S.K.: 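Sharing a structure with you now.
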Protein chains: 2
Amino acid sequence: MTDPLDTVFAALADPTRRAILAMLLEDDMAVTDVAEPFEMSLAAISKHLVILTRAGLIAQEKRGRVKWCKLNPDAMRAASVWMQGFGQFEPVNLDAFERFLETELRDAPE
Amino acid sequence: MTDPLDTVFAALADPTRRAILAMLLEDDMAVTDVAEPFEMSLAAISKHLVILTRAGLIAQEKRGRVKWCKLNPDAMRAASVWMQGFGQFEPVNLDAFERFLETELRDAPE
DNA sequence: TCGATCATCAACCAAATGGTTGAATATGCA
DNA sequence: TGCATATTCAACCATTTGGTTGATGATCGA
(Lines give C-alpha, C1' and ligand atoms only; values in the text may rest on other atoms or scores of the structure.)
Protein backbone atom coordinates (compact mmCIF):
# COMPACT_ATOMS: atom_id res chain seq x y z
CA MET A 1 0.00 0.00 0.00
CA THR A 2 2.77 2.42 0.90
CA ASP A 3 5.12 3.22 -1.94
CA PRO A 4 8.47 1.41 -1.68
CA LEU A 5 10.10 4.77 -2.43
CA ASP A 6 8.76 5.99 0.93
CA THR A 7 10.66 3.34 2.86
CA VAL A 8 13.83 3.56 0.79
CA PHE A 9 14.12 7.35 1.00
CA ALA A 10 13.16 7.30 4.69
CA ALA A 11 15.82 4.68 5.36
CA LEU A 12 18.41 6.81 3.58
CA ALA A 13 17.43 9.95 5.50
CA ASP A 14 19.32 8.88 8.63
CA PRO A 15 23.11 9.45 8.79
CA THR A 16 23.72 6.37 10.94
CA ARG A 17 21.98 4.19 8.39
CA ARG A 18 23.87 5.74 5.48
CA ALA A 19 27.12 5.13 7.37
CA ILE A 20 26.13 1.51 7.89
CA LEU A 21 25.47 1.09 4.18
CA ALA A 22 28.85 2.62 3.39
CA MET A 23 30.52 0.15 5.77
CA LEU A 24 28.75 -2.76 4.13
CA LEU A 25 30.05 -1.57 0.79
CA GLU A 26 33.45 -2.77 1.98
CA ASP A 27 32.35 -6.17 3.20
CA ASP A 28 29.57 -8.18 4.81
CA MET A 29 29.49 -7.73 8.58
CA ALA A 30 28.02 -9.21 11.74
CA VAL A 31 25.60 -7.01 13.71
CA THR A 32 28.05 -6.53 16.59
CA ASP A 33 30.77 -5.39 14.22
CA VAL A 34 28.40 -2.99 12.47
CA ALA A 35 27.60 -1.47 15.87
CA GLU A 36 31.20 -1.15 17.04
CA PRO A 37 32.12 2.29 15.60
CA PHE A 38 28.88 3.95 16.73
CA GLU A 39 28.31 5.57 20.08
CA MET A 40 24.94 4.03 20.68
CA SER A 41 23.57 0.78 22.00
CA LEU A 42 23.54 -2.47 20.08
CA ALA A 43 19.76 -2.45 20.33
CA ALA A 44 19.62 0.88 18.52
CA ILE A 45 21.80 -0.47 15.71
CA SER A 46 19.65 -3.58 15.58
CA LYS A 47 16.63 -1.37 14.96
CA HIS A 48 18.42 0.53 12.22
CA LEU A 49 19.25 -2.78 10.56
CA VAL A 50 15.59 -3.77 10.68
CA ILE A 51 14.68 -0.53 8.89
CA LEU A 52 17.35 -1.10 6.26
CA THR A 53 16.14 -4.67 5.80
CA ARG A 54 12.50 -3.64 5.42
CA ALA A 55 13.60 -1.09 2.82
CA GLY A 56 15.34 -3.94 1.02
CA LEU A 57 18.68 -2.14 1.19
CA ILE A 58 20.36 -4.97 3.08
CA ALA A 59 19.74 -8.65 3.64
CA GLN A 60 20.39 -10.43 6.93
CA GLU A 61 21.29 -14.06 7.22
CA LYS A 62 21.79 -15.89 10.49
CA ARG A 63 24.59 -18.40 10.66
CA GLY A 64 24.96 -19.84 14.12
CA ARG A 65 24.95 -17.10 16.71
CA VAL A 66 25.97 -14.51 14.20
CA LYS A 67 23.66 -12.59 11.89
CA TRP A 68 25.44 -11.39 8.79
CA CYS A 69 24.46 -8.18 7.06
CA LYS A 70 24.90 -7.89 3.34
CA LEU A 71 24.38 -4.86 1.16
CA ASN A 72 21.66 -5.02 -1.49
CA PRO A 73 22.23 -1.88 -3.59
CA ASP A 74 19.67 -2.96 -6.19
CA ALA A 75 16.99 -1.64 -3.84
CA MET A 76 18.27 1.85 -4.63
CA ARG A 77 17.51 1.43 -8.27
CA ALA A 78 13.87 2.56 -8.15
CA ALA A 79 14.77 5.62 -6.10
CA SER A 80 17.64 6.35 -8.41
CA VAL A 81 15.49 6.06 -11.52
CA TRP A 82 12.85 8.27 -9.94
CA MET A 83 15.49 10.94 -9.39
CA GLN A 84 16.66 10.55 -12.95
CA GLY A 85 13.32 11.91 -14.04
CA PHE A 86 14.41 15.29 -12.71
CA GLY A 87 17.53 15.65 -14.73
CA GLN A 88 20.82 14.22 -15.62
CA PHE A 89 23.23 14.81 -12.78
CA GLU A 90 26.39 13.20 -13.97
CA PRO A 91 28.31 13.46 -17.20
CA VAL A 92 27.19 10.57 -19.29
CA ASN A 93 29.28 7.56 -18.56
CA LEU A 94 29.19 5.24 -21.50
CA ASP A 95 30.41 2.23 -19.56
CA ALA A 96 27.72 2.78 -17.00
CA PHE A 97 25.22 3.36 -19.78
CA GLU A 98 26.05 -0.02 -21.27
CA ARG A 99 25.77 -1.71 -17.90
CA PHE A 100 22.45 0.06 -17.43
CA LEU A 101 21.22 -1.31 -20.73
CA GLU A 102 22.41 -4.78 -19.84
CA THR A 103 20.63 -4.92 -16.52
CA GLU A 104 17.63 -3.06 -17.85
CA LEU A 105 17.17 -5.55 -20.65
CA ARG A 106 17.84 -8.47 -18.35
CA ASP A 107 15.51 -7.36 -15.56
CA ALA A 108 12.60 -6.20 -17.67
CA PRO A 109 12.57 -8.09 -20.96
CA GLU A 110 9.48 -7.59 -23.12
CA MET B 1 25.86 20.57 11.28
CA THR B 2 23.25 18.13 9.98
CA ASP B 3 24.16 16.61 6.66
CA PRO B 4 22.24 18.10 3.70
CA LEU B 5 21.62 14.52 2.59
CA ASP B 6 19.47 14.10 5.70
CA THR B 7 17.10 16.85 4.66
CA VAL B 8 17.00 15.92 0.98
CA PHE B 9 16.29 12.24 1.56
CA ALA B 10 13.79 13.07 4.31
CA ALA B 11 12.02 15.49 1.98
CA LEU B 12 11.84 12.81 -0.70
CA ALA B 13 10.48 10.21 1.72
CA ASP B 14 6.96 11.66 1.65
CA PRO B 15 4.67 10.73 -1.27
CA THR B 16 2.85 14.08 -1.21
CA ARG B 17 6.14 15.92 -1.57
CA ARG B 18 7.32 13.65 -4.38
CA ALA B 19 4.01 14.25 -6.16
CA ILE B 20 4.48 18.00 -5.77
CA LEU B 21 7.95 17.77 -7.29
CA ALA B 22 6.56 15.77 -10.19
CA MET B 23 3.91 18.44 -10.75
CA LEU B 24 6.53 21.18 -10.75
CA LEU B 25 8.43 19.26 -13.38
CA GLU B 26 5.67 20.28 -15.78
CA ASP B 27 5.60 23.93 -14.87
CA ASP B 28 6.04 26.50 -12.11
CA MET B 29 2.93 26.77 -9.94
CA ALA B 30 1.31 28.96 -7.32
CA VAL B 31 0.82 27.46 -3.84
CA THR B 32 -2.96 27.28 -4.21
CA ASP B 33 -2.66 25.42 -7.50
CA VAL B 34 -0.13 23.02 -6.02
CA ALA B 35 -2.61 22.25 -3.25
CA GLU B 36 -5.61 21.78 -5.50
CA PRO B 37 -5.30 18.05 -6.37
CA PHE B 38 -4.58 17.00 -2.77
CA GLU B 39 -7.16 16.10 -0.18
CA MET B 40 -5.60 18.07 2.61
CA SER B 41 -5.60 21.63 3.82
CA LEU B 42 -3.72 24.44 2.17
CA ALA B 43 -1.76 24.90 5.40
CA ALA B 44 -0.53 21.32 5.19
CA ILE B 45 0.67 21.84 1.63
CA SER B 46 2.30 25.09 2.70
CA LYS B 47 4.29 23.13 5.29
CA HIS B 48 5.34 20.57 2.71
CA LEU B 49 6.57 23.40 0.50
CA VAL B 50 8.63 24.78 3.37
CA ILE B 51 10.27 21.38 3.79
CA LEU B 52 11.00 21.14 0.07
CA THR B 53 12.42 24.67 0.14
CA ARG B 54 14.66 23.99 3.13
CA ALA B 55 15.94 20.88 1.34
CA GLY B 56 16.71 23.13 -1.61
CA LEU B 57 14.54 21.07 -3.93
CA ILE B 58 12.32 24.00 -4.85
CA ALA B 59 12.57 27.78 -4.76
CA GLN B 60 9.68 30.07 -3.90
CA GLU B 61 9.30 33.57 -5.21
CA LYS B 62 6.54 35.93 -4.21
CA ARG B 63 5.07 38.10 -6.93
CA GLY B 64 2.15 40.13 -5.67
CA ARG B 65 -0.21 37.98 -3.66
CA VAL B 66 0.99 34.86 -5.34
CA LYS B 67 3.99 32.77 -4.30
CA TRP B 68 5.39 30.83 -7.20
CA CYS B 69 7.06 27.46 -6.70
CA LYS B 70 9.84 26.44 -9.00
CA LEU B 71 11.64 23.12 -9.16
CA ASN B 72 15.35 23.11 -8.36
CA PRO B 73 16.50 19.62 -9.35
CA ASP B 74 20.16 20.46 -8.80
CA ALA B 75 19.57 19.87 -5.10
CA MET B 76 19.20 16.17 -5.89
CA ARG B 77 22.71 16.04 -7.20
CA ALA B 78 24.46 15.28 -3.91
CA ALA B 79 21.96 12.56 -3.08
CA SER B 80 22.27 11.18 -6.55
CA VAL B 81 26.05 11.12 -6.36
CA TRP B 82 25.93 9.46 -2.95
CA MET B 83 23.76 6.70 -4.36
CA GLN B 84 26.08 6.33 -7.27
CA GLY B 85 28.69 5.05 -4.83
CA PHE B 86 26.58 1.92 -4.49
CA GLY B 87 26.34 1.03 -8.13
CA GLN B 88 26.58 2.23 -11.62
CA PHE B 89 22.86 2.60 -12.16
CA GLU B 90 23.02 6.32 -11.60
CA PRO B 91 25.02 8.23 -14.21
CA VAL B 92 22.85 7.37 -17.14
CA ASN B 93 20.86 9.64 -19.31
CA LEU B 94 17.26 8.56 -19.66
CA ASP B 95 16.72 10.75 -22.70
CA ALA B 96 19.69 9.12 -24.34
CA PHE B 97 18.33 5.77 -23.23
CA GLU B 98 15.00 6.51 -24.90
CA ARG B 99 16.65 7.70 -28.10
CA PHE B 100 18.78 4.59 -28.05
CA LEU B 101 15.74 2.36 -27.70
CA GLU B 102 13.98 4.28 -30.47
CA THR B 103 16.72 3.81 -33.00
CA GLU B 104 17.26 0.29 -31.78
CA LEU B 105 13.61 -0.62 -32.32
CA ARG B 106 13.44 1.23 -35.64
CA ASP B 107 16.57 -0.32 -37.07
CA ALA B 108 15.97 -3.83 -35.87
CA PRO B 109 12.24 -4.38 -35.39
CA GLU B 110 11.37 -7.83 -34.15
C1' DT C 1 26.80 -28.42 31.66
C1' DC C 2 28.10 -23.67 32.37
C1' DG C 3 29.39 -19.27 31.32
C1' DA C 4 30.19 -15.99 27.74
C1' DT C 5 28.65 -14.01 23.48
C1' DC C 6 25.23 -12.49 19.76
C1' DA C 7 21.14 -10.42 18.94
C1' DT C 8 16.42 -9.21 19.72
C1' DC C 9 12.47 -8.00 22.64
C1' DA C 10 9.71 -5.04 25.71
C1' DA C 11 8.78 -1.06 27.93
C1' DC C 12 9.64 3.42 28.16
C1' DC C 13 10.91 8.37 26.80
C1' DA C 14 11.69 12.89 24.27
C1' DA C 15 11.51 14.92 20.03
C1' DA C 16 10.05 15.16 15.30
C1' DT C 17 6.40 14.53 11.78
C1' DG C 18 2.16 15.27 9.37
C1' DG C 19 -2.07 16.68 9.89
C1' DT C 20 -6.06 19.86 11.71
C1' DT C 21 -8.56 24.47 12.61
C1' DG C 22 -9.03 29.38 13.22
C1' DA C 23 -6.84 33.78 13.20
C1' DA C 24 -3.62 36.93 11.03
C1' DT C 25 -1.25 39.24 7.19
C1' DA C 26 -0.72 40.91 2.45
C1' DT C 27 -2.20 42.00 -1.79
C1' DG C 28 -5.52 42.78 -5.71
C1' DC C 29 -9.76 44.78 -7.35
C1' DA C 30 -14.28 47.21 -7.71
C1' DT D 1 -12.64 52.15 1.17
C1' DG D 2 -13.92 47.52 1.67
C1' DC D 3 -14.22 42.84 0.30
C1' DA D 4 -12.15 38.71 -1.68
C1' DT D 5 -8.08 36.02 -2.50
C1' DA D 6 -3.39 34.03 -1.35
C1' DT D 7 -0.59 32.40 2.03
C1' DT D 8 1.24 31.79 6.50
C1' DC D 9 1.07 31.58 11.56
C1' DA D 10 -0.15 29.53 16.02
C1' DA D 11 -1.88 26.24 18.76
C1' DC D 12 -3.04 21.81 19.10
C1' DC D 13 -3.21 16.60 18.35
C1' DA D 14 -1.97 11.65 17.22
C1' DT D 15 1.57 8.92 15.46
C1' DT D 16 6.23 7.88 14.28
C1' DT D 17 11.11 8.03 15.16
C1' DG D 18 15.39 7.24 17.37
C1' DG D 19 17.20 6.43 21.41
C1' DT D 20 17.62 4.13 26.30
C1' DT D 21 17.81 0.07 29.73
C1' DG D 22 17.08 -4.53 31.40
C1' DA D 23 15.47 -9.09 30.42
C1' DT D 24 15.35 -12.94 27.26
C1' DG D 25 16.57 -16.54 23.90
C1' DA D 26 19.96 -18.82 21.08
C1' DT D 27 24.36 -20.68 20.29
C1' DC D 28 29.31 -21.44 20.89
C1' DG D 29 33.32 -23.33 23.43
C1' DA D 30 35.68 -25.23 27.34
Side-chain angles (χ1 to χ4, degrees), chain A residues 1-24 27-71 79, chain B residues 1-24 27-71 79:
Chain A
M1 195 63 83
T2 76
D3 194 320
L5 289 183
D6 291 8
T7 46
V8 170
F9 280 130
L12 296 179
D14 184 274
T16 302
R17 289 193 291 263
R18 286 198 309 278
I20 290 173
L21 292 176
M23 290 165 58
L24 292 177
D27 208 352
D28 298 356
M29 294 178 80
V31 172
T32 304
D33 296 329
V34 169
E36 199 274 330
F38 297 99
E39 289 182 347
M40 68 180 69
S41 69
L42 184 62
I45 295 296
S46 180
K47 284 188 186 179
H48 281 303
L49 292 172
V50 167
I51 290 171
L52 289 170
T53 302
R54 287 212 229 279
L57 291 164
I58 67 169
Q60 289 183 287
E61 181 199 355
K62 191 165 180 184
R63 283 211 305 272
R65 279 190 294 192
V66 175
K67 205 164 186 179
W68 291 91
C69 305
K70 182 184 173 58
L71 193 63
Chain B
M1 196 61 84
T2 75
D3 194 320
L5 289 183
D6 291 8
T7 47
V8 170
F9 280 130
L12 296 178
D14 184 276
T16 300
R17 290 193 290 264
R18 286 199 309 277
I20 290 174
L21 292 175
M23 289 164 58
L24 292 177
D27 208 351
D28 298 356
M29 296 178 80
V31 173
T32 304
D33 296 329
V34 169
E36 199 273 329
F38 297 98
E39 290 181 348
M40 67 180 71
S41 69
L42 185 60
I45 295 294
S46 181
K47 285 188 187 179
H48 281 303
L49 292 173
V50 167
I51 290 170
L52 289 170
T53 301
R54 285 211 228 280
L57 290 164
I58 67 170
Q60 289 183 286
E61 182 199 355
K62 191 166 180 182
R63 284 211 303 271
R65 281 191 291 193
V66 175
K67 203 162 186 181
W68 291 90
C69 305
K70 180 184 174 59
L71 194 62

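Chain naming here is simple, since letters A, B, ... match the order of the sequence lines and numbering starts at 1 in each. Keep in mind it's a predicted model, so treat the numbers as computed, not measured.
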S.K.: Does A/Arg17 have a side-chain nitrogen or oxygen under 4.0 Å from the phosphate oxygens OP1 or OP2 of D/dG18?
M.R.: yes

S.K.: Are any non-hydrogen side-chain atoms of A/Thr53 and A/Val50 less than 4.5 angstrom apart?
M.R.: no

S.K.: Do A/Thr16 and A/Ile45 have side chains that get closer than 4.5 Å, going by heavy atoms?
M.R.: yes

S.K.: So which nucleotide from D/dT21, D/dT7, C/dT8 ends up closest to the side chain of A/Val31?
M.R.: C/dT8

S.K.: Output the rounded distance in Å from CH2 (A/Trp68) to P (C/dT8).
M.R.: 14 Å

S.K.: Let me know the distance between CD1 of B/Ile45 and P of D/dT8, rounded to the nearest Å.
M.R.: 11 Å

S.K.: Would you mind reporting whether B/Ile58 and B/Leu49 have side-chain heavy atoms less than 4.5 Å apart?
M.R.: yes

S.K.: Given side chains that start at C-beta, do those of A/Lys70 and A/Gln60 come closer than 4.5 Å, heavy atoms only?
M.R.: no

S.K.: Passes side-chain contact (heavy atoms from CB on, under 4.5 Å), A/Arg18 versus B/Asp3? Steps please.
M.R.: CA-CA 11 Å; A/Arg18 286 198 309 278; B/Asp3 194 320; 3.5 Å; yes

S.K.: Output the rounded distance in Å from CG (B/Asp6) to P (D/dT17).
M.R.: 15 Å

S.K.: Between D/dT7, C/dT8, C/dG19, which nucleotide has the shortest distance from any of its atoms to the side chain of A/Ala43?
M.R.: C/dT8

S.K.: Both B/Val66 and A/Lys62 contact DNA chain D. Which one's nearest nucleotide lies toward the 5' end?
M.R.: B/Val66

S.K.: Using OP1 and OP2 only, check whether a side-chain N or O of A/Ser41 sits under 4.0 Å from D/dT20.
M.R.: yes

S.K.: On DNA chain D, check which nucleotide each of B/Ala30 and A/Arg63 is closest to and give me the residue with the more 5' one.
M.R.: B/Ala30

S.K.: Kindly point out which of D/dG19, D/dA26, C/dT8 is positioned nearest to the side chain of A/Met40?
M.R.: D/dG19

S.K.: Within this structure, what is the CD-to-C1' distance between B/Glu36 and D/dT5, rounded to whole angstrom?
M.R.: 16 Å

S.K.: Where the side chain of A/Thr16 is defined as all heavy atoms beyond and including C-beta, which of D/dG19, D/dT27, D/dT20 is the nearest nucleotide?
M.R.: D/dG19

S.K.: Given side chains that start at C-beta, do those of B/Ile51 and B/Asp14 come closer than 4.5 Å, heavy atoms only?
M.R.: no

S.K.: Looking only at side-chain atoms of A/Ala44, point me to the closest of D/dG19, D/dT7, C/dC6.
M.R.: D/dG19

S.K.: Out of D/dT8, C/dT8, D/dT5, which nucleotide sits closest to the side chain of B/Leu42?
M.R.: D/dT8

S.K.: Among D/dT7, D/dG18, C/dG28, which is the nearest nucleotide to the side chain of A/Asp14?
M.R.: D/dG18

S.K.: Ignoring the backbone of A/Lys67, work out which of D/dT8, C/dT8, D/dA4 is nearest its side chain.
M.R.: C/dT8

S.K.: Using a heavy-atom distance cut-off of less than 4.0 Å, which residues of residues 46-58 of chain A contact DNA chain C?
M.R.: A/Ser46, A/Lys47

S.K.: Passes side-chain contact (heavy atoms from CB on, under 4.5 Å), A/Met23 versus A/Phe38? Steps please.
M.R.: CA-CA 12 Å; A/Met23 290 165 58; A/Phe38 297 99; 3.8 Å; yes

S.K.: Respond yes when some side-chain nitrogen or oxygen of A/Arg65 is under 4.0 Å from OP1 or OP2 of D/dG25, and no when none is.
M.R.: no

S.K.: Tell me whether A/Arg17 contacts the main-chain N or O of A/Ala11 through its side chain, where contact means a donor paired with an acceptor under 3.5 Å.
M.R.: yes

S.K.: Which of the following nucleotides, C/dT8, C/dC6, D/dT7, is nearest to the side chain of A/Gln60?
M.R.: C/dT8

